[in-house]
Amino acid sequence: MDDIPGRIIENINVAPGYFRLVIRLERPLGKASPGQFVMLKIPGEEVFLRRPFSIFGSRGKTLVVMYRVAGKGTGCLSQALKKSPVMVLGPLGRGFTIKKRDAYLVVAGGIGFAGTRMLLEKLGEKATLFFGVGAKEELSVAEDLSGICVHVSTLDGSRGFRGDVVSLLGQHLDACRQKDMEVFACGPAGMVKSLRALLESGHIPCQVSVEERMACGMGLCFGCVVATNDEINPFKRVCKEGPVFSIWDLSL
Amino acid sequence: MDDIPGRIIENINVAPGYFRLVIRLERPLGKASPGQFVMLKIPGEEVFLRRPFSIFGSRGKTLVVMYRVAGKGTGCLSQALKKSPVMVLGPLGRGFTIKKRDAYLVVAGGIGFAGTRMLLEKLGEKATLFFGVGAKEELSVAEDLSGICVHVSTLDGSRGFRGDVVSLLGQHLDACRQKDMEVFACGPAGMVKSLRALLESGHIPCQVSVEERMACGMGLCFGCVVATNDEINPFKRVCKEGPVFSIWDLSL
Amino acid sequence: MGPLAVELFGKKFKNPVMNASGTLGYAVEIEPLWGVETMGACVTKGLSALAHHGNPVPRVWEERHGMINSIGLQNVGVERFFSDHFPFFVEKNTPIIVNFFGFSEDEYLSCAEKIRPHELIAALEMNLSCPNIKKGGISFGKEASTVYSMVRSVKGITDIPLIAKLTPEVKNLTEIAIAAYEAGADGLTLINTLPAAAVDVKKRNVPLKGGLSGPILRPVALRAVHECSKAVPIPIIGVGGIMDAQDALAFFMAGASAVQVGTATFVDPFAIPKIIAGMEAWLVSAGLDSIRAITGVTHE
Amino acid sequence: MGPLAVELFGKKFKNPVMNASGTLGYAVEIEPLWGVETMGACVTKGLSALAHHGNPVPRVWEERHGMINSIGLQNVGVERFFSDHFPFFVEKNTPIIVNFFGFSEDEYLSCAEKIRPHELIAALEMNLSCPNIKKGGISFGKEASTVYSMVRSVKGITDIPLIAKLTPEVKNLTEIAIAAYEAGADGLTLINTLPAAAVDVKKRNVPLKGGLSGPILRPVALRAVHECSKAVPIPIIGVGGIMDAQDALAFFMAGASAVQVGTATFVDPFAIPKIIAGMEAWLVSAGLDSIRAITGVTHE
Ligand SMILES: Cc1cc2nc3c(=O)[nH]c(=O)nc-3n(C[C@H](O)[C@H](O)[C@H](O)COP(=O)(O)OP(=O)(O)OC[C@H]3O[C@@H](n4cnc5c(N)ncnc54)[C@H](O)[C@@H]3O)c2cc1C
Ligand SMILES: Cc1cc2nc3c(=O)[nH]c(=O)nc-3n(C[C@H](O)[C@H](O)[C@H](O)COP(=O)(O)OP(=O)(O)OC[C@H]3O[C@@H](n4cnc5c(N)ncnc54)[C@H](O)[C@@H]3O)c2cc1C
Ligand SMILES: Cc1cc2nc3c(=O)[nH]c(=O)nc-3n(C[C@H](O)[C@H](O)[C@H](O)COP(=O)(O)O)c2cc1C
Ligand SMILES: Cc1cc2nc3c(=O)[nH]c(=O)nc-3n(C[C@H](O)[C@H](O)[C@H](O)COP(=O)(O)O)c2cc1C
Ligand code: FES
Ligand code: FES
């Protein structure tokens, strides 16, 4: 973990509301595992706290983040010019744990794809991606996947399955039931809930990356907790004990 | 008076610590009289309140300000890039009142020159400028004066009279005593005090531009007062009733 | 009447946005930029029975996202206000709220007495943050019992609706709000500035102590409005760090019936007209036909 | 010992800079970036006799130049702290100040009792902003008489130096500071967060109420330190919105003998080491050989 100065070298609008940010760091980011994230200081004085973003890609001194404009911070970020200075704290958190399995099903909802990008790279052909978005334009977020089987859902039906990604997964799940498989997921809270409902009966192992408001991103403030089934110490820090948890440990 | 958006088109270091700022406004600044000032919103979010600056020059949509780096706000301003957006509120305050006289003696201390620049332009050849600075490098602030008689003092003796500008004025004053003359001055509080001591005996009319911390610059907050001899209402607003006062009305 | 119209203290206001006392001079100063009639009402500078010269400089100090002031309540006195400045409001046909103060109960009373009812005087706003010189300079607004008796005394001598403006530097603001209400206050203005000090590191001194205002006050003011508006049934005017229409809307949602804007005007002299326009645009875009639809919506 | 060395509560500290309680986790979390031994002392997370789970989310909310938190004092309990986390400080040979709280007098006492003297325990820091559940949730720090009796009780059962950490939401902080001093407190920490509320305009709700921290607290904290340090002879630890060395110096000038840094670490995780280095550089450039030279210089 390190806090590294960097400069924006690319900040482009890849789909409505989605931006690809490329940062040139002064030093390479430490080795990151899939599911880890960084805390980014947004250029300017307007945004007080840093913002958490998944590591979309990292090689040498280059860091790639994919983000969706959600509010003040990401709005400001989307206005940032090339060469603007940033600070990057990371890699942070506990990412996905990869055990040897026959099959990996990766479920990504919208910008949640950013949290699975490195994982897909690592899993390679053994992974099947279930990617759900609102409309087909958003699919360009996941353009450069090769050798991975992808199933797509759109809420408006403009491409692939019409509906949400968990229903899409449901359709494919039976075909895989026999296998030794694991589900990895990243997406909004609603998706996580319905995913759990879907997987409940089969006792399928599932790791999910969750989101919570953060102040520090490194376990200092206890601001980002999620409720788990741990009786002694139910509230776990998303930034430290997470962001990836077994879906069965969460108290949703 | 108007609040006008503008962009910085030049921000150059003309002498150690002194900057010339040229702003292109969306609309022309209203007609300004010598001694008036503007409240400038410094680019970025770091500086909360606006800062007062004398109108150094104004023609059409172009405004020129000369400033010295004094603290946080002027420090930030000196870093501002070309094209940075600013807001300019003005012209503000009550400037110098010019009555017909035989001679005008203009006394400027350091950056106080900025407060007399328009006045000198208006008075033309009838004015004699007494300009005091620390060292000769600062004289470039007043480079483009033509047809005006200038006497210079430097504290370090690197050019002209060695010492402060009020002593310099003292040396010339006797020569003019007989004439119907008026002194106009702008400079630090210490200069104003010694100027008053110098002029005390001769009852020479003298208008002086004073400085005080400001929040609004337009008479709203009563933050920028100076004590006068007015018994009923001693505290006058520098931004509204001033910045120019008769030196004899001030309670120094 | 548009979607921003409100009724307060039995009077109609075309919108619920006012300047905060002491931040718009005598109001005529803003005329070159926008007309005072833009606001639902104009709040006067703090007035007292006799004129006050105020404090020596420095009177203002910049802070990150805010400022400290120590103006010292400079004003021409209530009588000269009515002879010299009130005619301006009559000419502009703009309702005013007369902010007033004193350094003793008598001073409050003698000031309030001098203010005769007039159709343009919508209310009196009693600044209770003032130091009580008989009590060693402790402000009147500190104790519920003092607030109760002060409000009651003033209510006894005037027929003009009375708003109590409270200081946040107390143990329990809700208790004070209830005391003002029980004593007969027709409304509350929340909050006045927060006592603070500036340190000049270069000069190694404390150039001034005074009241903190601006955005840094906003979360404290919102809490005050949220809690007090649940506790008392009278209208609350929210003030503290409102910079834009979103900030103003937050105060209505927290329970305010009107808002005042102070420091923002120093940063952007058009802040008030922009806030009024922004609130109106927001109501339209939200499909609401009155600001009352969101007043107190956060009280679940 | 360098120019930043200070002596407090009869102990020597290599510098007078600490983290603020609750803003550095259990301290081990910062190790990947810098060592906890960089600080004069490390202040623990707030501990209680029994473990606390804390509040539901959202627990943090961003404000302009600050934040609101409502962590709810989550902690593993004082016993597990000493079994699981204290060995880390022993290994790092770093003095700690143990911040603790309770929701009743008994809870405070039973927590303090469990803390056995140790050469690395420089002091206890009693967080008096806690709600007293027996008194309807009014915080202990509100009344001088309560503060007096609470401090006195704890002093009666421990030999470790005791620091009282006060809440600013009171009528008169100086009075409270005097009460803590008279009850035997060995020092004061000023100030805890300021109660505030956030409004989510989009969702039209109040997502959380909690404590305001960060730069927006600084002018209020400076005033507290300035006034209380004149009123009591015990050392004061200043805290509230310190972001850089200049801010820290302002607190010393106002009268603090040490400072704590909280929210700044979230914005810049290296804030604390930078502040220490910056203060040292400033002292050198000012030609001063000890930080004590500027402590309280503003008290004319
Ligand atoms: C571990 C982790 C990884 C993430 N990775 C990505 C990513 O790769 N790409 C991406 O676009 N987004 C990602 N997010 C979500 C992203 O952090 C938020 O969208 C962003 O912080 C919103 O900030 P804002 O100022 O634009 O929104 P505002 O709503 O104005 O933010 C206000 C505050 O709320 C917090 N907040 C708001 N929404 C969220 C959220 N969904 N999760 C956490 N905090 C939130 C902000 O951090 C900020 O403190 C991630 C979140 C977490 C926790
Ligand atoms: C009517 C008027 C005209 C002026 N014209 C010029 C000019 O043409 N060129 C120029 O360089 N300077 C001028 N000044 C002074 C200039 O406004 C200050 O140097 C500047 O505000 C300092 O801001 P800062 O943030 O850099 O300094 P800081 O000391 O960090 O400022 C902190 C606060 O103090 C105020 N302040 C500090 N010094 C002064 C001062 N001398 N006068 C007024 N307020 C001060 C600032 O406005 C700010 O609110 C003028 C001042 C006045 C009142
Ligand atoms: C320069 C200045 C002068 C003020 N004068 C008064 C006053 O005379 N009477 C009063 O009740 N409040 C006074 N206040 C307080 C404001 O009315 C308001 O309560 C406070 O500034 C918070 O609002 P803001 O953050 O929008 O400025 C003054 C505030 C400022 C900044
Ligand atoms: C996330 C967070 C948790 C805190 N927890 C505690 C605590 O457990 N005990 C305590 O006395 N103060 C606690 N505080 C208050 C801080 O110690 C400090 O007094 C306050 O944040 C002001 O300092 P700052 O502006 O530097 O953050 C906490 C503050 C924050 C932001
Ligand atoms: S964000 Fe601070 S502990 Fe997770
Ligand atoms: S600066 Fe506000 S009255 Fe002059």
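Just so it is clear, the structure is predicted and the values come from calculations on it, not from any experiment. Letters A, B, ... are given to chains in the order of the sequence lines, protein chains preceding strands, and every chain is numbered from 1.
- Using a 4.5 Å cut-off between heavy atoms, B:Ala215 contacts chain C through both its backbone and its side chain.
- Contact of B:Met39 with chain C is not made at all, since no heavy-atom distance falls under 4.5 Å.
- In this structure, no portion of B:Val226 lies under 4.5 Å from any heavy atom of chain C.
- With a threshold of 4.5 angstrom between heavy atoms, C:Leu33 approaches chain B through side-chain atoms but not through N, CA, C or O.
- Interatomic distance, B:Leu89 CG to C:Phe270 CZ, rounded to the nearest 0.5 Å: 8.5 Å.
- Heavy atoms of B:Met87 lying under 4.5 Å from chain C are absent altogether.
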Which donor-acceptor pairs fall under 3.5 Å between chain C and chain B:
unit_1, atom_1, unit_2, atom_2, d
C:Gly25, N, B:Leu220, O, 2.8
C:Glu29, OE2, B:Arg237, NH1, 2.8
C:His53, NE2, B:Ile232, O, 3.3
C:Arg59, NH1, B:Phe222, O, 2.7
C:Glu62, OE1, B:Arg51, NH2, 2.9
C:Glu62, OE2, B:Phe48, N, 3.4
C:Glu62, OE2, B:Leu49, N, 2.7
C:Glu62, OE2, B:Arg51, NH1, 2.9
C:Gln74, NE2, B:Phe235, O, 3.0
C:Val267, O, B:Arg50, NE, 2.9
C:Val267, O, B:Arg50, NH2, 3.2

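- Looking at C:Val57, only its side chain comes within 4.5 Å of chain B, counting heavy atoms on both sides.
- Within a 6.0 Å sphere centred on CD1 of B:Ile12, other residues, nucleotides and ligands contribute more than 12 heavy atoms.
- The side-chain heavy atoms of B:Leu49 and C:Val60, taken from C-beta on, include no pair separated by under 4.5 Å.
- Residues B:Cys221 and C:Ile71 come closest through the heavy atom pair O-CD1, 3.2 Å.
- In plain terms, the two heavy atoms of B:Phe48 and C:Pro215 that are nearest each other are CZ-CD, 3.5 Å.
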